[in-house]
Amino acid sequence: MQTTNDMPIVYPTSFKTLGLVPFNLNPHYLDSDLHSKHMGETRETRILEFHHFNSQPVLGLREGSWLEVKGDKILLRGSFSARLFRRNQMPIELEANCELNFTNLS
């Protein structure tokens, strides 16, 4: 698991995790606001930068959504869709309550 939001203050010795999901998470994902006066980076920009050096998919998980993991089954729960980013591909929306599988992750 690597961060796609804020870079760590101290670099961890490893990014090895439990491996519960085959993608990286971007929790509290916010869509870009084209009318905003904020001139900083968007979540999407950070994820695209992440994909310059990393190949694993990133799931933009919006506030109020969560993942239910039971064995090999991963379900997107909550009222909101999630945005799936894959390296060198256009992001796609995954509807709430869908199953995430290797078909829609690769």
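Computation of the quantities below employed the complete heavy-atom set of this structure, encompassing side-chain atoms and omitting hydrogens, waters and symmetry-equivalent molecules.
We find the CG-CG distance between L76 and L67 to be 6.5 Å, quoted to the nearest 0.5 Å. Atom CG in L84 sits 11.5 Å away from atom CG in L61 (nearest 0.5 Å). Distance CG/N88 to NE2/H52: 9.0 Å, rounded to 0.5 Å. For the atom pair CZ (R83) and CD (E44), the distance works out to 5.5 Å, reported to the nearest 0.5 Å.
Residues L59 and L94 have side chains in contact (heavy-atom distance under 4.5 Å, counting atoms from C-beta outward). Residues N26 and F50 have side chains not in contact (no heavy-atom distance under 4.5 Å, counting atoms from C-beta outward). Counting heavy atoms from C-beta on, the side chains of I74 and P22 come closer than 4.5 Å. Annotation: side chain of K70 is not in contact with side chain of L75 (no heavy-atom distance under 4.5 Å).
Every residue meeting the side-chain hydrogen bond (donor to acceptor under 3.5 Å, both in side chains) condition with E63, not counting sequence neighbours, appears here in chain and number order: H28. Every side-chain hydrogen bond (donor to acceptor under 3.5 Å, both in side chains) that S81 has, sequence neighbours left out, goes to R62, E93. For K73, the salt bridge (charged side-chain N to carboxylate O under 4.0 Å, His left out) test picks out no residue, with sequence neighbours left out. In this structure R87 satisfies the side-chain hydrogen bond (donor to acceptor under 3.5 Å, both in side chains) test with no other residue, sequence neighbours excluded.
Residues S79 and A96 approach most closely at C-CB, 4.0 Å, considering heavy atoms. Scanning both residues, P57 and R86, for their nearest heavy atoms gives CB-CG, 4.2 Å. Closest non-hydrogen pair, G71 versus V69, comes out as O-CG1, 3.9 Å.
Applying the ring-ring contact (aromatic ring centres under 6.0 Å, His included) test to pairs two or more places apart or on separate chains, those with a residue in residues 58-86 are Y29-F85.
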